[in-house]
Amino acid sequence: MAFAFQPGFPTTRLRRLRGHAAVRALVREVDLSPARLILPLFLRPGQNQRQPIASMPGHFQLSPDLAAEEARQAAALGLGGLILFGIPAAKDPHGSDSYSDQGIIQQGLAAIKQAAPQLLVITDVCFCEYTDHGHCGVLTDPSSGTDVDNDATLELLGRQAVSHAQAGADLVAPSGMMDGMVAAIRSSLDQAGFAHLPILSYAAKYASAFYGPFRDAVQSSPQFGDRRSYQMDPAAAAGQALREVELDLAEGADIVMVKPALAYLDIIRQVRDRFPGVPLAAYNVSGEFSMVQAAAQQGWLDPRKTALEILTAIHRAGAGLVLTYWAKEVAHWLNGEGID
Ligand code: PBG
C-alpha cells in the first residue's frame, strides 16, 4: 500500500522553506557579498602591458598603468580590495626587487593608489617571485642550494613589508611560512612608524598542487627541491594548523588565513570554531579557479553556478573574507548583471 501523508504529518517539512525564491532568500544564512572578496592582481614592469596567463584564463600580468585601471573597476564593483603579486624585471638570490623603492610592487602601489585611493590594497610579502632560485627566502648556502635560512629571511621580510608600507600598502600579507615571520614584520613595521598597519598572515598554508597555475603566472617554481620544508603537509592533523594560527596570533597577526580553501574546508571550520572573533580569510587558489575554467571551456561545468557554489561553501565553512580570481565576475553576478 502506498504511503500517504496524514493531515499534520510530518509536522516539519523542510521543503516548505524551498518552494518560494523569496522564502529561500529569507532563511539563507550565508550571503556572499563583493565586500568580502579580494581580487589578486599580477604586476609586471612597463607600460600598457597586458600579458595573458595561459594557465589562468581571463587573468593577465599587468603593467602598473593597466593595474590602476583594474583597481578603478574593483572599487566601482565594491570589492573588498586587491592583493598584489609582482613579477620583477630581474630576479636575484636575495629577491632584492621586493624591497627596492623602484620595485614592481612599489611602482604598482603608486599607480593604484593614485587611481583608486579608497580601495584597500594588500601586498603579498614573500620572496619566491623575486628570487632566482624560486624559494620563499634566502638559502642557507647559495652554492649548495639546499634549504631556506629561516632567520636570515625574517630580517628581509621586515624590510620588504616596510618598503610596501612606505609605498602605500594598507595591509601586508606574509605568505612564506617562515617561523617568526609575523613577529619580525610586526616589529619592523612598528619601528618604521607603521604600528597601525594590520598584518594578514597566511597562517595555515599547505604545500599544495593547487598552486600550479599561479607558479606559471609568476614564474616562481623552485629551481630545485620543493616547498615541503616550510609549507604544511596536507596530511598533517588539523591540530598543527591550529598551532600555526595560535602562534601567529601570539606574534601579532590581525587576520589569519587558511590556504588553499576548497580541499581544506575542515581546517577553515576548525579555526573558525577554535578562535571565535578572529578575522579569518581563505584563499581560493589558482588551481581551484583554473580547473573550473578548464571544465567550463569544455562545456562540462557552468562556471557561474560552480564558482558561486564553491565560494558560498568557503564562506559557510567560516571564512569571512575570500581571496578569489572570480572576484570581479562574482560582483557582477551578485549585482544582478548577466543572471538569467
Ligand atoms: C607565494 C604565494 C603562492 C601563492 C600565493 N602566495 C605560491 C606558493 O606558495 O607557491 C599561491 C596562490 C595561488 O595558487 O593562487 N608564496
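Here the structure is a predicted model, which means the values were calculated and not measured. Just so it is clear, the values below take in all heavy atoms, side chains as well, and ignore hydrogens, waters and symmetry mates. Order of appearance sets the numbers: ligands from 1, and atoms from 1 within every ligand.
Between the side chains of Ser229 and Asp147, at least one donor N or O sits under 3.5 Å from an acceptor N or O.
In terms of protein heavy-atom proximity, atom 14 (O) of ligand 1 is closest to Ser286 OG, 2.7 Å.
Ring planes of Phe85 and Tyr283: tilted class, angle from 30 to 60°.
Across Phe289, Tyr202, Phe214, heavy-atom proximity to atom 12 (C) of ligand 1 is greatest for Phe214. Scanning Arg215, Met257, His59, Lys259 for the heavy atom closest to atom 10 (O) of ligand 1 points to Arg215.
Atoms of ligand 1 found under 4.0 Å from any heavy atom of Tyr283, numbered from 1 in the order shown, are 12 (C), 15 (O). Shown in contact with Cys128 at under 4.0 Å from a heavy atom are these atoms of ligand 1, numbered in order with element: 1 (C), 16 (N). Residue contact check: Tyr325 has heavy atoms under 4.0 Å from atoms 12 (C), 13 (C), 15 (O) of ligand 1. For ligand 1, the atoms lying closer than 4.0 Å to a non-hydrogen atom of Lys205 are 1 (C), 2 (C), 3 (C), 6 (N), 8 (C), 9 (O), 16 (N). Residue-ligand proximity, Arg227 to ligand 1, at heavy-atom distances under 4.0 Å covers atoms 8 (C), 9 (O), 10 (O).
For the residue pair Gly80 and Ile38, the shortest heavy atom distance occurs at C-CD1, 3.9 Å. The two residues Ala161 and Val172 make their nearest non-hydrogen contact at O-CG1, 4.2 Å. For the residue pair Leu200 and Ile122, the shortest heavy atom distance occurs at CD1-CD1, 4.4 Å.
Transitive grouping of hydrophobic side chains (ILVMFWY, heavy atoms separated by less than 4.5 Å) keeps Ile185 and Leu247 in distinct clusters.
Comment: Arg243 does not engage Glu246 in a salt bridge, judged by the lack of any side-chain N to carboxylate O separation of less than 4.0 angstrom.
Only the side chain of Cys126 comes within 4.0 Å of ligand 1, judged by heavy-atom distances.
Between Glu129 and ligand 1, no pair of N/O atoms sits closer than 3.5 Å. Annotation: Gln231 places an N or O atom under 3.5 Å from an N or O atom of ligand 1; distance criterion only.
Within 6.0 Å of atom NE2 in His315, more than 12 heavy atoms from other residues, nucleotides or ligands are found, so the atom counts as buried in its surroundings.
Taking 4.0 Å as the cut-off, Ser175 counts as a neighbour of ligand 1 on heavy-atom distance. Not a single heavy atom of Phe127 sits under 4.0 Å from any atom of ligand 1.
With a 6.0 Å cutoff to the six-membered ring centre and a 45° limit on the axis angle, Lys205 does not count as a cation-pi contact of Tyr230.
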